[in-house]
Each structure stands twice: as structure tokens, then as C-alpha cells.
Amino acid sequence: MIKENDSQPLLSGKQYWKSLDELAETSEFRTWVDKEFPEGAELLDNVQRRGFLKTMAASFGLAGLGMAGCRRPEHTILPYGKSPEELIPGIPSFYATSRPSPFGFSPLIAESHQGRPTKIEGNPSYSRAGGSTDIYSQASILDIYDPDRSKGSFTREKVTQGSKTATRWKKANSAELLTEISDWSNAGGVAIISDSSDSIIRKDLLNQLSSKGVKHLEYEPIDPYQAESSLSRGLGESQNLRALPNLGKAKKVLSLDCDFLGNREPNSIVNSRQFMSGRKVLKASDASTMNRLYSVESDLTLTGGVADHRLRLSSTRVEAFAALFYAEILTLQKSKDGKLIDHLLEISKDVEVDRSWIAECAKDLLKKPRQSVVLAGLHQTQGVHLLSLAINQALGCIGSCVTYLPTEPKSSYSFDDLSSDVEQGRVKSLIILGGNPVYNCPNSGLVDLLSKVENSVHLGHNLDETSQYCDHHIGQSHFLESWDMGYTWDRSCVVPVQPLIAPLFDTRSDIEVLSDLCGSTSDAHALVLDAYKKLNSSNVSFEDFLRIGVHKTKQSFKTNFADINGKVKSLNPVFAELGSSSLEILLTPDFHTWDGRFSNNGWMLECPDPISKLTWDNALLVSPVFAKHLEAKHPGIGLLPKPTMLNKNGQIAPDAAVFDDGKQKAPVITLQIDDHHSLTGPVYVQPGLADYTIVATLGFGRNHAGRVGNDLGYNALSLLHTDGNRVITNATYSPTSEFKTLANVQEHWSMEGRAIVREANADEYKSDTSFAHHMGAESHSPPIYGKDLDKDLAFKSQTTPRGNSSYEHPDHNYEKSEEHGLHQWGMSIDLNQCTGCSACVVACQSENNIPVVGKDQVLRGREMHWIRLDRYFSSTERDGAELPSDVQVSFQGVACMHCETAPCETVCPVNATVHDEEGLNAMAYNRCVGTRYCANNCPYKVRRFNFFDWNKRKTDDLYKGPLGEKNDSISAMGKNPDVTVRMRGVMEKCTYCTQRIQESKIRSKVKAQRKKTLESGKDGKDLVMDRNELKVADGGVQTACQQVCPTDAIVFGDISDPQSEVSKLKSNPRDYSVLGYLSTRPRTTFLAKVRNPNPRMPDHTASPHAAREYHDKAHPSHHGEDHSSNH
Amino acid sequence: MASDTKSDSSVDRPAILDKVDPAPWHEPPLVLNKRSFNWVTEKICGIVEGKTPTWWWWCFITSMIIASFTGMGLVYLVSTGVGVWGNNNPVNWGWAIVNFVFWIGIGHAGTLISAILCLLKQKWRTSINRGSEAMTVFAVMCAGIFPLFHVGRVWFAWWLFPLPNANAIWPQFRSPLEWDVFAVSTYFTVSILFWYMGMIPDLAVLRDRAKETWRKYFYGVLAMGWRNANNHWRNFEMAYLLLAGLSTPLVLSVHTIVSFDFAVANLPGWHTTIFPPYFVAGAIFSGFGMVLTLLLPLRAVFGLHDLITQTHIDNMCKITLATGSMVGYAYSMEFFIAWYGANSYEGFAFINRAFGNYWWSYWIMVSCNVICPQLFWFKKIRENTPLVWIISIFVNVGMWFERFVIANTTLSRDFLPSSWGYYSPTVVDIFTFFGTFGFFSVLFLLFLRFLPLMPLAEVKSVMPQANPHGGKHS
């Protein structure tokens, strides 16, 4: 078969490859392949990598030439002929871009290593977010390297083989497919279903198309415009009214089922940043000006976790609460509108709410009414939105704490309209632009419509549920591969979407598809450029716009609302009955997948839900009261913990749910809703829920999400109707006999009275700012500071070893020693600033190449996160095995503490974990043999072991060892090249982002040397640098967790510099070390939490529950006494 | 009166002494039925020289099959990753270290019997010392498997040895695991030396009696030219004494250092000063348990009742009783100190041991280690050989659970409740451990077949005939 080559009779390896290349082209070879591998032959035409390799491997073997392949693979490296601008190999470049989401465009800076995007950060030019991002933006970078994303376009074709027919996807050329779609458009009868977007370009293009008669339907399962449109409808306005809180100015906030700090509401990053800055307490006087949050909610959200007072109330009852609250405000303001008050009291009379709670809360808000604000949840009723607007107007905070931005309403074209258009033949072709409506809106009848239309195409991230019903599929470009431009949620800025890389595959973005439909010849870049020119009144060039990434726009707010009270008077809500046989179901976007868009994103699935701590699944969250009811009615369901032998005073306390051998066994129940819909899912008992509310999350239970996200959790979307209503009443339940194992990363919810998260109320803090020092085992040993006892705190925190004794102690004051490190790194985490948003967890994962291990491994306790968010509940009702209903939530981010006297270092037999001179507890992966002794001896349990080759093997194949399939190589593209990818058998943990430290040290050194050379005129050997000149300026290094944190809870820096921010925070009296009594001298210390409850509220306690638990345990003799003052 | 007596005594023997008739001290014979020297030689050599019994083959094949479980488990482990075991983040050690401490503990009885009892001139040790030394060597071999293979990258385990290398990286000499490397390897070396050296005269006997050529060469090489010469014996006895002196501290040091793996760590429930003596007592306890478990069936199978007498069994039972009680004392002292120390983490750790998620393992441990051996107070029970054997099995089980309790309850619930977890072994864990019993049995069966089970000369030296005074002082 091989033609003899006379000139080179001997086939050496190199020529062998060449010959085979030629061989593949010969007609003999073709005939032979056709004969031998009839099903492989077509692969030669339409070459696919795997198929090609398979065929070639087989042919090599059969040709008897296999052995010739035994040599090193050769790679061709092509140097740049002309170096791209500003590109230095090994040095990443950064581009401003933004992520389109239903809640507007998030301004971002993306890091690129030789053209590969590797990390996303917030754009600091968007000052409201201050360079921070939310967890979804962090995780979105993984989607570009999703091995399951569509690698081009596909067309469905029918294949007949004998008597069997099957449909399959045939690879198509995107450009050809788009031409075909343009033909449909020209023929007329086209409707577009799209997800929602604040894109200016898309809007222009859609306008052009609609003038051509193309229908457009916009659909989102979590309708971002629900609140603003219902408010405008309530007021009878033509434009939507978007409530934009300005929480930096608010001192008292009442949230009406509004998770403004969490994932349920838009703009959570800006909200968190503004609101939490009002909770910074660094000195006693700050406690007086600290803001206060009242939260009324049915689900326990992050906002509820931060709240100083939290009222559990079913979502359907919130309208009654709002009415009562408004009535109370009016009464307190001595309003003359008696009719209004009567009406408000009348409509809410059937609902039981703690009136004293309302009265005291209203009084508190009215103390400084212009600095108080009421916020209503997106999913709440029109009444709640109207009432909150009315209350805000009564308070007089509109314009200061909250503004109302008129926005254009979305198109009114609905699924019903579409349906009738299809029925009557007015629509023949359906173009689905992004989104996944078949999955997201099962009640729209879309599947039916898709079977009726002549043509259908879906632009999507992968061949998902919607694609399965379409004739064609076009792969959608990731936003890091596309051009676009749009508004941020608050409409204060226009931001660009700038590609960092040409599309990896033959994919298209939504605006490319639309512009093709319009028949436009200009590419996406030109469209953005044009649109920017139209928009721009200033003289900032397009290039500068791309560099800055933000273009400020003018906003005009609505301040006058005529006759709200008149509208309020016409409110007449009906409250459905609530009880164990008529439950309320609240549908919320899932933390992990949001509405399903992150279903195939391993980072998101493995990042524990901040409140429930569940990974890889969603559950039906039920209240302890309902759980008790279930348990009584269906014994053996095993929902509630059995009483243990010791449960007084937080000894062996019951777990939040039943953990069988460390695995949570959740009973599965079915919920029925009167309109024949039902929902089956595992039950998770969640303290803090309204008694008869069940929280179901949207975004799970997908079957075409990809290999990662298929068949996880349950699908709650069948309950969601096209009207977008997410609160459902009159649900009944029936238990099944099944159980499901849930992967919960935190088995134990109680702090067990240990001084881990130290808390005090603002009043306590005012009288004793160093309350944290009077807690914990170290406070019981008087000479804890030894000879430094009388030194000031700043000195002690930076130099004195905890547990100092009169004996000689190793000196850790490296900064005094010339031969030691230039800097001494340390971190301060302000527990008062952490909302639990978990963005740090994913940011760290992205920065440090942390692998995803999968549900099975999480169940075995092998999750790999370097930083974890510990979530503790504490309660007043801590009696026996009872699960509390009302809880306070405490979050604590725990990563390697970089102990100065690190317990892990002394036990490592091979010296693989050692201290560096700048105070880092370094981990030499190369040296690690994996005895895991360090992890055992770490009191904080922050070390993570590579039990398997997580990075190399597919998650399903871990147990197959060397026989298991290897990971797709595409995922390697997203890895940070500055961080080692760890192999199995080695330990890993937080390094304080040592790669970032090194990078900025080098940068500072180069800069300092350059400056000195210029100043002194000396160079090379003659240039003598002073140590201090080489130091990195404060803030010059940001760890990944610090950078992403919207509330600046994490501060990192040089503690040997007393002027650095971290040193200042560490000398704050709130600073303490967790488990300080062990004398590990952690470099990461915490600032104790301060809550700000209102002493007049009925649920007020003198100390936070966690502090009371600690004092009860530390001083059992004082049990029951008041510990409000320091002991 | 007092002065009277004094003056009397200065003159003469006290009268009272004549009236005293001391009860005769019956030193029980260590070889019964007045056996002759030749009988002993024939008996012991007969085991090695006779035809291989069928039961031996069955046991050998079964043991090989069981041992292969360890082999397969380790191949899977090394090729795939430590994840095939049940270890997880709070419980990073799991069964591997439990098994290591268990086997190394068993390995204590042999050297204790041959060294400490030798120095204390306990003549009864002669019948049992060879078997227990063999047990020691094989148990340490089983033990060694676990710390070696529990590491994530076995192929780099040699980094634990202080070998000079280009990077000038030395092991961490502060790490108890590093101390383990030295302690265990020293112990293993000395144990092997001791065992082999003690065997030389007996190997010479086997060589001299050998009929087949391969035996002549096999035992000839092993006997190292022993000619039974007087200076051979003089050197032998001196060397034996020196090795006994050398091994005595090792008996105490090895388990002390193994206990440091836990005691030097800072975890509540591990970080206690009581660990070294408590671990050594536990090791001797489990070692004697295992000696009883092994020798009682051998005694029955080979008809060694005249050599391993009731006196031997009694003595071993009493040591088991004593060390078992010590261990029980340690258990209660741990609770006392946890309470007395007033450290809430420490207090929780012990309450959690008894009543927490692993309560069952704690109570198995207490019943097997503390309650069971108390039965040895009763002579009737000590004389009931099957019952002694069953109790010895309980001792072994109990001591495995002791290590399980120490290693796992502490790790599963330590300082921060957020990271609490639960550990369960996988099939691979179970099979790998189970297989080591096969591995041990294979070695022990080979020992039975090819090496003398008892030291002939030493046994003969404690026989009544060996005493020129016929056992009576005059």
C-alpha cells in the first residue's frame, strides 16, 4: 500500500508521518477504508478529531506501522512574526469587558494569558462595585471552556438504517446556516424568542427587524422587570419604574421579602457594597452610626442572615405586613387620612403578625425618616410594590435612599399571541435567540409551536432542551468571544462587551445572528463602534472607552408620584389559607445554577449554597415546624435529629438534619398544586423559614445541560407560568417512600458554644470595644500576653506571640531582622462585612486552578475549596434536639491562616510545608509525599488533599485509575499558568495567592530600580537599593478573595508596616485569632461581628445568640443570667 | 522484752526460727511428664522434618489467597490514588494508621518476652519466645505496609530517609512520622537479629540431622558454621544478653514514639501526656493476646502440652490481666484529666468518644479491653484453654478498636464544628487490612514448616534434668 519512494527507501519516523498524510489521500487507501470501515469512511470527509484519530490509529495498526509511531510527539512552535501590541510572553494582559445578564451588564476586567482568558475581575472604573464581582461573573469564565458547549452549528437530519430511523445532529457550517435563516427572514413570517438583555445593539437590531415585520417575544423565567412593570401598572404609568436603592445613605432598611444582598435581586454587588459600608465599626462611636436592617421574609436569605431583626412571614402575607406597616407609619405621622388607615387595617385584618414588631420597627424608621428605606422583593405582588413606594414617599427618602428610574417596558408580545400567529400561519419560522425557553417555560406551549412551524433554529450555548425541538442549532459565542454594548442595571453606565479571543469554535453571538437577519454587512465590532459613536456626546474615543470599559450616562429619575394613596386604597388582596395542607411554595433562582444557565458549570455546582451548604443539588426547603408535622404524621421519614444523650448547654448537639454516616438522607416528597402540577424533590429542613412556606429553586433537573449538569436535582419549572408568578399557594404534599442523598459540606450547624465567631451587640461594643478579647480559652489564661501584657494592642497584635510566656519563645518579629523578609504578609477578615455571598470561593477556585471533584466525592468529604465559608446558626431556643425556627446566622470565611507557629509544618516528615521569610506557610507540592499528617494537625482543617487525579481524569472515571478517561484538553486552557496544577497524592491549600505576591514584588522592584536609575544615574552593580525602596506599596497585592469581595471584608497586606490597612485593622480591638489559645499565631485574624438590634424590639436580646451560647458554656454557673456587659 | 530478744539474738539463732516451717515453694516444672532432652529435640525438630501435613497446605493456600487481597488492594491504591480508601478531609488517616498501630502493637510481645523476661530471668519464657519473636517480626512487616502505602505518592516515600541529595533537603526531624521511620526500622532490624541469632544453635541441630542435600545446605548456610563449641556458646550468650539489653528500651521506645504520632499533634483527644505509657501497656496487652491466639492452637495441633504448660498460659493470662487493667486505668484517667483540665475542647473530645458518632467503637473497646481480661482473675477460666483463646481474640479485637477510637473520633470532630465529618472505610480498606492477616499467616506457616518453633537449648536448660541439684536446694 505504501508507494516506494526511490530517493528515500528507508522510512524514518518523520517521513513516515508525511507518507501517511499522503497515504490518506490515495485512492487505494480510500477504497481500503471504505471496505474495512464503512462507517468510518465518511469521517474522512467531515473530519472530526476523535473519529479521525480512531480511524488513523486503526489504519496505523493494520498497516503494520504502529511501532514507527513510538517517538516523542513533535510540536510546532510558531513565533509571532510581528508581536501583538503590548504582549510580553508570560505577562498577562487585561481587557475591559462586561457580562450580559438579565440584571444588566456587569462591568469586568478579564485577564488573558497569550489570548486565553483565565480570570475575571470587576472593573474598578465602575466605582459603585469598586472592582468587585458577583459569584456568577467569576464562574462564567468556565463556560467558555465547557467541553459540552456547541462546537459549531448543527442541523437535524433523519437517518434510515434498514427499518430503523433516527434523527441525529449533523455538523453544519454556521455561515451557510445563517444565510439559510436570512432566507426565511426574507420570506417573512418570522418570530424571535429571546432572553432579556440590556444590550443597545440588540435593541437597535430588533427595532430594525420589527419594522420589517418580525415579531419579538422576550422571555426570562426570573423576570427581571417584574417589579418595575407591576409598579408602573399599579400606578397606571406608561413606563416601567425601576426602584434603585442607594443604600450608602440609608441608616434603617426594611426589606419586604427582598434579598437585595443575595442572588435573587438585581444589582446585589452594588447593594452589598453600599449597605455593608454602613456597618463598618472601627471605633465605639461607629456603633452609634451603624445602619440597621429589618427583614421580613419567608425564606432565609443572605439578607435575612445579615438582618438585625428578622421576621419570618410567608411571602403571601408580606402584603398584609406592608399594609399594617404603612398604617403604623401613617398613624405615627399623625396622618389625617383616616380612611386610608382604616382601609389598610381592613385588608390586613385576617393576617397574624406581631404588631409590636411593626410598631417598634416603624418608630425606629421614623426617627430619621429620610435615612430609612423600604425595599420590596422582585417576586412580590403589585400591592407590596405600591405600598413600599407609598411608605418611601411617606418617609421622604425618595431621591436619597431610593430612586425610581423610568425604563421602557418590554414588548407585550406574549406566548398567546405567538400561538395564535402560528395557528393562523402568520409565523412560519421561529428563531430562538439564546436562553432555553423549552426548559425554562414548560407551560408556554412552545414545544407544540415548534412542531407546527416550518423552520426553527436555536442559538444556544449547547444542544440543550430547546435545541432538541428545533431543526437547527447555532452554537452561541461566549461573551468573552463577542462584541456587544449595553447598560448596567442602574443605567448609570454603558459598558462594552469586548472579545478576548476569537471564537474557539464556529459559533455566533446573538447580535451577529440578528445583524445577519437584518441583512447588514458590518460585523459586530463595527456595530458596536457605530452605536458608541451615536451614544457618545463627549470626546472619549472608542479605544479609550474600551480601555476604561465604562461610559457614564445621564439618568433622569421620577420623583413625583401622583396619588399613590388612591391606588393603595384600591388594593384588595386575598390571602390564601396557610397550613400543613395548604402550603405556600416560593420559587427562587437557585444559588448554583440561577435559572439553569450555570447548570453545566462545575464551579457553581460545587460551591456550597451559603445558607443550606448543599452542593450539586437543590432541595425543597421546609421549616422545622413543618418538618415536625411531617415527622409526626409519617414516622420513619427521619427528618429531625434524634435526641442525643447529652444536649444541655451545647454539648453534643443535634445536627440540622439527619446525617447517616456523614451523608444526608433526605426523604423525597411530592407537592401537588391544584392546577394539576406536581413537584417531587428531597426535603431539607432549613431553620429560619416561615412555617408553611416551602422554598423550591429553579434551575435544576435538566436533562440536556451537559455531562456535568444532567439529571441533578429536581425541576421546579413546571410550576412557573408564563405570567412569571413565583409564589404559589394551596399546595398539598404527599410523601414518597424514597430517600435521596444530599451532598452537604457542613454537617453541623451549631458553634457548640465555642468562641469561633465572636459577636456582640452594638451597645455591648460601645461599652467594651475589646469584647472579643474576653472570649475564648485564651481569655481564661491571664498571662496570655506574658511580659507584653501592658503594651498597646497594636504592638501586641503585630509582635507578641499569643500565649507568650516568661520562657524564651521563638522570635517571629522578622521585620526587625535584616536578613528576613521584606514584608510580613497578613490578612484581616471583617466578620461584620461578610454577607456570605461566596464569590471568594469561586474567585479562589478560578485563580488557583482548584479542581471540581463531583457530588460523589463531596459526599465523601473531599471538596477542594481553599477558602470555605462556615455558616453557623444560633438561637434562643436551644433546648434538646429541637431545631430552632428563629436563628441568627454567622458566616466565617476560613482559609489557611498562615500560622507563625504552624502545627502543620512541624509534623510534615519531608519538609514539604515550610515557612518563608515573609511569613507565608508555603507548600512545596514537588516535595509532598502525601502523609496527610499536616491536614490532621491543622486546627482549622483548611488543608486539601488530592485523593485522585482530579485535574487529569474525568470525574466519573476517578475510580478507574489509569484506565479512566482523561479530561478534555479544552479545560486546560482556562488554567492560570502562574499556578501549579497539582497531581494526585499531594496536599494543597491557600497560599495567600503567592503568585500575585511574587508578581507585584517583581513589578515593584523593576519600578523602583528604574526610578532610582533615573534619579541617580547609576545602573547595574553601582545601583544600590535600600530595602525599603523595594517594598510593595500597601494595596499593591490583592488576593483573589479580597479582590472579588464586594464589601471589602478581606484585607491583605504587610503587617510589618504599621501604616498598612491590614496593620490598622489588626490593631483594632475587635481583632482576634480563632483558636488563639493554641498559640498558632495565625496571620489571618478576624474582626469580631457586631450586630445592631433595636433594644425596643420584641425579639431583642442583650447579646447575640452565639455570644450567649458561649457564655453559658464558659460559665455554666451563670446560666440564664444576662451577659450583656463584659464579664 | 525487746532488749531481751536482742541480747539473745546476738548470742544465738532466734528460737522462733526453728519453730517456723516455711511452706515449700513449688517451682512448677516448665516441661511436664519428665521428658528427656532427646524427646524435646525429636519433638521440635520433628515438626520441621516430618512430612508436610495436609492441614498445612490448606492453611497455606487459604492464607496466600487472603494475602493476595492486600496485594490487589495496594496495586489499586497506588495506581488510582488514596481516594480508593475511605479517608476524607477531617479524617485524613482512617484505617491505614489504625492498622499500622494495631500490628506494631502486636509486635511488642515477642521482644518483651525474649528481652525483658530474659533480663528478669523468667525461665518460663523459653517455650514461647521463639514463636513470639517470629510473630513480632511478621507483625512489624504487616505494620510497615500501612504507613508506607498510606502516603499519596508511594514512589517518593524514600524521601523520609535522611539521604543526602542535590537540593540539600533533609527530612523534618521534628515530625513524629520521621521518628516512626527510625523507631520502627530500628525495632525491625533488632528484632530480626535477635530472632535469627537465637535460632543459630537450633539451625545447627537441624543441619546435623538433615538427610536431604538441600536441607544440609539450607540449614548449613543459616547455621553460619555453628559447631557447638564452648567459645561459640560463650559468645552466643554474651551477644544474647547484649541484644536483650539493647532491645529492652526498644520495646518501650517504639510504641512511645508511635504514640507521639498522636500525642505531639495538637488535637483534643490526641494531645495528652498519658499516651506513651498507655500505648506501651496497650501494646504489651495486645502482643500477649496475639501470642495466646497463636500458641494455643499450635499447642493442640503439635501436642506441645508438655512444653507449653498451664503455667505458661497462667503467666500470660496474668500479664494480659495486668496490662488490660493498666489500659483501663488510662481510659478513665483520660476522662479525669479532660474534666480536670477544664478545656472545653478536650472535654468534648472525650464525651464525644463515649457518646458521639462513634460511641459503638468506644464501647466495643471498653468491653474487650477492660472488662474481658478481668475474667483472668479466676483460675477456672485461665485453665479453660478454649475460653482463654476466645478471650485472647477479644483482646485483639478490642485493641484494634482502641486505635480506631483514638484515630477517628478525634479527627472526625475536632476544633471547628463546621468541618466535622464522618469516616467509613471502603471495601478496599477492609480487604487490604484483611489481607494482612493472610500475609502474616503465610509467613507464620513458613516459619512453622522450616524453622524450629522453640529454642532447643534454652528449653533444655530449664528442664529439671538440667539442674544438677535436681531442683532441690540443700
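Residue numbers begin at 1 in each chain, while the letters A, B, ... track the order of the sequences. Remember, predicted model here, so these are calculated numbers, not experimental data.
- Residue contact with chain B, scored on non-hydrogen atoms closer than 4.5 Å, involves the backbone of A:Glu905 exclusively.
- For B:Leu416 against A:Pro939, the heavy-atom pair with the smallest separation is CG-O, 4.0 Å.
- For the residue pair B:Pro417 and A:Ser750, the shortest heavy atom distance occurs at CB-O, 3.3 Å.
- If you measure heavy-atom distances from B:Val75 to chain A, you find no contacts under 4.5 Å at all.
- Using modelled atom types, one side-chain atom of B:Trp93 and one backbone atom of A:Thr931 make a donor-acceptor pair closer than 3.5 Å.
- Heavy atoms of B:Leu77 lying under 4.5 Å from chain A belong exclusively to its backbone.
- Interface residue A:Asn926: only backbone heavy atoms are found under 4.5 Å from chain B.
- Here the CH2-CZ distance, from B:Trp159 to A:Arg927, works out to 6.0 Å after rounding to the nearest 0.5 Å.
- Judged by the 6.0 Å distance and 45° axis criteria, A:Arg754 is positioned over the aromatic ring of B:Phe348.
- Of the listed residues A:Val910, A:Thr906, A:Asp870, the one with more heavy-atom pairs under 4.5 angstrom with chain B than any other is A:Thr906.
- At distances below 3.5 Å, not a single donor-acceptor pair connects side-chain atoms of A:Arg932 with backbone N or O atoms of B:Asn89.
- Interface remark: A:Val942 contributes no atoms to any contact with chain B (heavy atom separation under 4.5 Å).
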Step by step, work out the side chain to side chain contact (heavy atoms under 4.5 Å, CB included) result for B:Asp414 and A:Lys941.
-> CA-CA 9 Å; B:Asp414 68 342; A:Lys941 288 286 169 289; 2.8 Å; yes

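- Residue contact with chain B, scored on non-hydrogen atoms closer than 4.5 Å, involves the backbone of A:Leu958 exclusively.
- By number of non-hydrogen pairs under 4.5 angstrom with chain B, the leading residue of A:Pro909, A:Cys908, A:Gly985 is A:Pro909.
- Across all non-hydrogen atoms, the minimal contact from A:Ala935 to B:Asn92 is CB-ND2, 3.2 Å.
- Of the two parts of B:Phe161, neither the backbone nor the side chain holds a non-hydrogen atom closer than 4.5 Å to a non-hydrogen atom of chain A.
- Counting heavy-atom pairs under 4.5 Å between each of A:Met987, A:Arg953, A:Met983 and chain B puts A:Met983 at the top.
- A parallel orientation is assigned to the rings of A:Tyr1077 and B:Tyr345, their planes being inclined by less than 30° (bins at 30° and 60°).
- Proximity of a side-chain donor or acceptor of B:Arg153 to a complementary backbone N or O of A:Val986 within less than 3.5 Å is not detected.
- Both the backbone and the side chain of A:Tyr933 come within less than 4.5 Å of a heavy atom in chain B.
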Verdict with reasoning, B:Trp270 to A:Asn937, per side chain to side chain contact (heavy atoms under 4.5 Å, CB included) = CA-CA 10 Å; B:Trp270 281 13; A:Asn937 208 27; 5.8 Å; no

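- Atom OH of B:Tyr340 is surrounded by 12 or fewer heavy atoms from other residues, nucleotides or ligands within 6.0 Å.
- Within the 4.5 angstrom heavy-atom criterion, only backbone atoms of B:Phe260 (N, CA, C, O) approach chain A.
- Note that CG of B:Asn87 is 7.0 Å distant from CZ of A:Arg862, once rounded to the nearest 0.5 Å.
- Taking OH of A:Tyr940 as the start and OG of B:Ser418 as the end, the distance is 12.5 Å to the nearest 0.5 Å.
- Per-residue counts of heavy-atom pairs under 4.5 Å with chain A were compared for B:Gly86, B:Pro147, B:Pro176; the largest is that of B:Pro176.
- Across every non-hydrogen atom of A:Leu1078 and B:Phe415, the tightest pair is CD1-CZ, 3.7 Å.
- When heavy atoms are compared at a cutoff of 4.5 Å, A:Arg943 approaches chain B solely by way of its backbone atoms N, CA, C and O.
- Annotation: maximal heavy-atom pairing with chain A below 4.5 Å, among B:Leu411, B:Leu267, B:Asn266, occurs at B:Asn266.
- Side-chain atoms of A:Val929 and B:Trp155, non-hydrogen and from C-beta on, never get closer than 4.5 Å to each other.
- Taking chain B as the reference chain and counting heavy-atom pairs below 4.5 Å, the highest number among A:Leu1075, A:Asp949, A:Leu963, A:Asn946 is found for A:Leu1075.
- Separating the CD atom in A:Glu747 from the OG atom in B:Ser419 is a distance of 10.5 Å, to the nearest 0.5 Å.
- With rounding to the nearest 0.5 angstrom, the CG atom of A:Asn911 is 8.5 Å from the CZ atom of B:Phe173.
- In this structure, a donor-acceptor pair under 3.5 Å is absent between the side chains of A:Tyr959 and B:Thr80.
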